[in-house]
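Working notes for the structure below.
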Amino acid sequence: MILVSEKNAIPISVEATLKSGQVFHWDPLPDDSWVGLIGDHLARVSEKNQRLVIEQGTPEILHRYFALDHPLAQIYAAFPKDVLSQESLALCNGLRILRQPRWECLATFITSSMKQVAHIRSMSIAIRNHLGTPVEGSPHPAYPSFERLACSNEKTLLDCGLGYRAANLLQTARILAEGTINLETLDKLSTSELRTALMTLPGVGVKIANCVLLFAYERLDAVPIDVWVHRILIAMRKGRDGTPTQLANYARRRLGPYAGYVQQYLFHRARTEKKKPRDSAKAN
DNA sequence: CTCCAGGTGAGTC
DNA sequence: GACTCACATGGA
């Protein structure tokens with residue numbers, strides 16, 4: 001067991017990070033640790049005094065994946081001062097934007113459109129079970145490479161519950177397998193050029209492109225606007241709706257240089273608040 | 001049973 | 001650019 005610590009405090013909330021809807025395949029264990037794969041690298045982590053405890057896995061890989069180098073203090077100082085943003089900050093303290101493997105992130109978000117988080121997870125696991133490579137000690141196989149998926153077929157993906165998303169994932173995998181687009185070298189592009197490049201792929205619009213920018217390319221100012229964030233932005237504008245462009249501009253101005261981080265805290269708070277009012281009536 | 005979900009793309013103005 | 005619609009599936 002390795003306790004990752006550094007000179008400066010590195011708070012992390014493993015639970016908030018892994019349950020905030022940026023990644024979908026990690027499993028909680030009875031001893032309060034979490035097990036999951038980073039690519040095909042098996043990892044098991046827990047948390048002690050807001051520090052990441054590595055129960056299993058290579059420290060360098062985990063350090064990078066959990067983004068322990070992100071300057072959280074600086075990011076928090078840049079949070080907007082309104083009540084909702086500060087409340088989200090308090091509730092999700094230690095939530096980190098992961099550095100996910102590119103293809104895995106792109107693929108799972110292609111399957112995410114018009115789907116609840118719970119079902120995105122079940123599709124991800126179904127794809128792993130049908131097409132992935134087993135890893136010793138992991139509850140689920142590794143996510144299949146795009147080469148592997150490109151050799152697959154639509155029927156297999158329909159069996160994984162993808163519905164109309166099956167064709168998009170398959171075509172995207174085939175484009176990547178052709179080599180016309182290289183997800184790794186795309187990293188050299190500016191955020192706006194990278195967004196445009198990602199959006200040429202079938203099933204990738206502006207929202208999913210922004211998810212991939214934020215979760216796999218470290219573009220911390222990218223703001224995915226889904227139905228939840230859309231509602232939050234309207235509330236921040238005192239009930240005033242707007243066109244996609246207007247709301248995107250508003251989010252960028254209002255949420256600041258780490259807008260993607262702020263967005264993730266707002267999103268996670270909104271979703272966890274929604275689930276609550278259930279056990280309160282029973283208590284007396 | 002009805003409602004909704006981390007949207008996208010095609011058609012149209 | 002912005003608006004409208006169809007698109008599959010399963011959990012609440």
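Here the structure is a predicted model, which is why all the values come from computation and not from measurement. In what follows, chains carry the letters A, B, and so on, assigned in the order in which the sequence lines appear, proteins first and then strands, with residues in each chain numbered from 1.
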Q | Strand contacts (DNA chain C) in residues 243-251 of chain A, 4.0 angstrom heavy-atom criterion | A |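 Within residues 243-251 of chain A, the residues near DNA chain C are A:T243, A:T245.
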Q: Mind running a 4.0 Å heavy-atom check of residues 151-178 of chain A against DNA chain C and sending the residues that fall below it, in number order?
A: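 The answer is A:G161, A:G163, A:Y164, A:R165.
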For the pair made of [atom1] in [X] and [atom2] in [N], what is the distance, rounded to whole Å?
X      : N      : atom1 : atom2 : value
A:L198 : B:dT8  : CG    : P     : 12 Å
A:M123 : C:dG10 : CE    : P     : 10 Å
A:Q116 : C:dG11 : CD    : C1'   : 5 Å
A:M199 : B:dT8  : CE    : P     : 7 Å
A:F24  : C:dG10 : CZ    : P     : 17 Å
A:R271 : C:dA12 : CZ    : C1'   : 13 Å
A:I125 : C:dG10 : CD1   : P     : 15 Å
A:K207 : B:dG7  : NZ    : P     : 5 Å

**Q.** Intermediate values then yes/no, salt bridge (Lys or Arg N to Asp or Glu O under 4.0 Å), A:R128 and A:E104
**A.** CA-CA 11 Å; A:R128 288 166 186 272; A:E104 209 175 295; 3.3 Å; yes
[X]/[Y] ion pair, N-O < 4.0 Å:
X     : Y      : result
A:R64 : A:E218 : no
A:D31 : A:R44  : yes
A:D69 : A:R99  : yes

Side chain of [X] (C-beta onward), nearest among [options]:
X      : options              : value
A:V206 : B:dT8, C:dG10, B:dG7 : B:dT8
A:Q264 : B:dA5, B:dT8, B:dG6  : B:dG6
A:F215 : B:dA5, B:dG6, B:dT8  : B:dG6

Can you check the distance between [N] and [M], where both ends of the measurement are the [atom1] atom (answer in whole Å)?
N     : M      : atom1 : result
B:dG6 : C:dC7  : P     : 22 Å
B:dT8 : C:dG11 : P     : 23 Å
B:dC1 : C:dG10 : C1'   : 14 Å

(Q) Between A:S20 and A:P202, which residue's closest nucleotide on DNA chain B lies nearer the 5′ terminus? (A) A:S20
Q: Could you say whether A:V229 or A:L201 is positioned toward the 5' end of DNA chain B, judged by the nucleotide with the nearest heavy atom to each?
A: A:V229
Q. Do A:V23 and A:L29 belong to the same hydrophobic cluster, where Ile, Leu, Val, Met, Phe, Trp and Tyr are linked whenever their side-chain heavy atoms lie under 4.5 Å apart, directly or via other members?
A.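 They do not share one cluster, since no chain of ILVMFWY contacts under 4.5 Å joins A:V23 to A:L29.
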**Q.** Single-linkage hydrophobic cluster, 4.5 Å side-chain cutoff, A:W103 and A:L213 together
**A.**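 As far as the 4.5 Å side-chain criterion goes, A:L213 and A:W103 are connected within one cluster.
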(Q) Would you say the base of B:dG6 stacks on A:W228 (centre-to-centre below 5.5 Å, plane angle below 30°)? (A) no
Q. Under 4.0 Å: is that the gap between some side-chain N or O of A:R231 and OP1 or OP2 of B:dC4?
A. no
(Q) Within the supplied structure, the quantity of interest is the number of heavy atoms (other residues, nucleotides, ligands) at a distance under 6.0 Å from A:K207 NZ; does it exceed 12? (A) yes
Q) A:M114 or A:A118: which one's nearest nucleotide on DNA chain C is closer to the 5' end? A)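 In this pair, the answer is A:M114.
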Q) Can you name the closest pair of heavy atoms from A:Q264 and A:G21 and give their distance? A)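 Minimum heavy-atom separation between A:Q264 and A:G21: NE2-C, 4.3 Å.
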Q. When you look at A:K48 and A:D32, which way does the salt bridge (Lys or Arg N to Asp or Glu O under 4.0 Å) test go after all the steps?
A. CA-CA 11 Å; A:K48 184 171 186 173; A:D32 280 336; over 6 Å; no
Q: Name the orientation class of the two ring planes belonging to A:Y258 and A:Y261 (parallel below 30°, tilted from 30 to 60°, perpendicular beyond 60°).
A: perpendicular
